[in-house]
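Values below: all heavy atoms of this structure, side chains included; hydrogens, waters and symmetry mates excluded.
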Amino acid sequence: MSRTCQVTGTRPGFGNNVSHSHRRTRRRFDVNVQRKRYWVPGLGRSVTLTVSARGIKTIDRRGIDVVVAELLRNGVRL
């Protein structure tokens, strides 16, 4: 599963692990993404989205119909 939110577009960030001796090795900060099913009344069916926690809050605030319409306008397959 790709670690990208379909709603907000956030991707993993990268940085360093710093040990006690201050040796630095690369690491990645993954996005908290989950697969979530939503019923979309405008489409008359349910859609499964890969969304982050912030994406879920965005859907709660704006509404699933508005978010799905924007995704379809941007060419995202649902």
Side-chain angles (χ1 to χ4, degrees):
M1 172 168 59
S2 174
R3 286 287 185 185
T4 304
C5 176
Q6 288 182 310
V7 175
T8 61
T10 48
R11 301 186 138 192
F14 295 90
N16 289 315
N17 280 326
V18 182
S19 70
H20 180 69
S21 64
H22 290 285
R23 288 179 62 98
R24 287 164 169 82
T25 54
R26 296 302 281 177
R27 63 160 293 182
R28 60 188 269 168
F29 297 92
D30 280 332
V31 180
N32 181 17
V33 293
Q34 295 143 21
R35 290 177 58 82
K36 192 153 170 53
R37 280 182 53 175
Y38 288 99
W39 174 256
V40 184
L43 298 178
R45 66 182 179 95
S46 64
V47 295
T48 302
L49 298 175
T50 304
V51 291
S52 63
R54 180 169 289 193
I56 293 171
K57 291 178 188 178
T58 302
I59 291 171
D60 290 343
R61 190 169 52 248
R62 296 176 62 200
I64 187 66
D65 281 324
V66 174
V67 173
V68 166
E70 187 175 297
L71 289 174
L72 290 173
R73 204 172 328 120
N74 293 336
V76 177
R77 290 186 45 112
L78 302 177

Cut-off 3.5 Å, no hydrogens considered: what does the side-chain donor-acceptor table look like for residues 4-14, sequence neighbours left out?
| residue | atom | partner | partner atom | Å |
| --- | --- | --- | --- | --- |
| T4 | OG1 | S2 | OG | 3.3 |
| Q6 | OE1 | T50 | N | 2.9 |
| T8 | OG1 | T10 | OG1 | 3.2 |

Quick one: pull up CZ in R27 and CG in N16 and give me the separation to the nearest 0.5 Å.
9.5 Å
Would you give the length of the straight line joining atom OG1 of T48 to atom CZ of R37, rounded to the nearest 0.5 angstrom?
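That separation rounds to 5.5 Å.
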More than 12 heavy atoms of other groups within 6.0 Å of R23 CZ:
no
Identify all side-chain donor-acceptor contacts of residues 58-72 below 3.5 Å with residues at least two apart in sequence or on another chain.
| residue | atom | partner | partner atom | Å |
| --- | --- | --- | --- | --- |
| T58 | OG1 | R54 | O | 2.9 |
| R62 | NH2 | E70 | OE1 | 2.9 |
| D65 | OD1 | G42 | N | 3.3 |

List the steps, then state whether side chain to side chain contact (heavy atoms under 4.5 Å, CB included) holds for K36 with L49.
CA-CA 5 Å; K36 192 153 170 53; L49 298 175; 5.6 Å; no
Mind checking salt bridge (charged side-chain N to carboxylate O under 4.0 Å, His left out) for R28 and listing every partner two or more places apart, or none if nothing turns up?
D30
Hey, any chance I56 and V76 share a hydrophobic cluster, counting ILVMFWY side chains that come within less than 4.5 Å of each other, even indirectly?
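Hydrophobic grouping puts I56 with V76.
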Closest non-hydrogen contact found for R3 with V33 is NH1-CG2, 3.2 Å
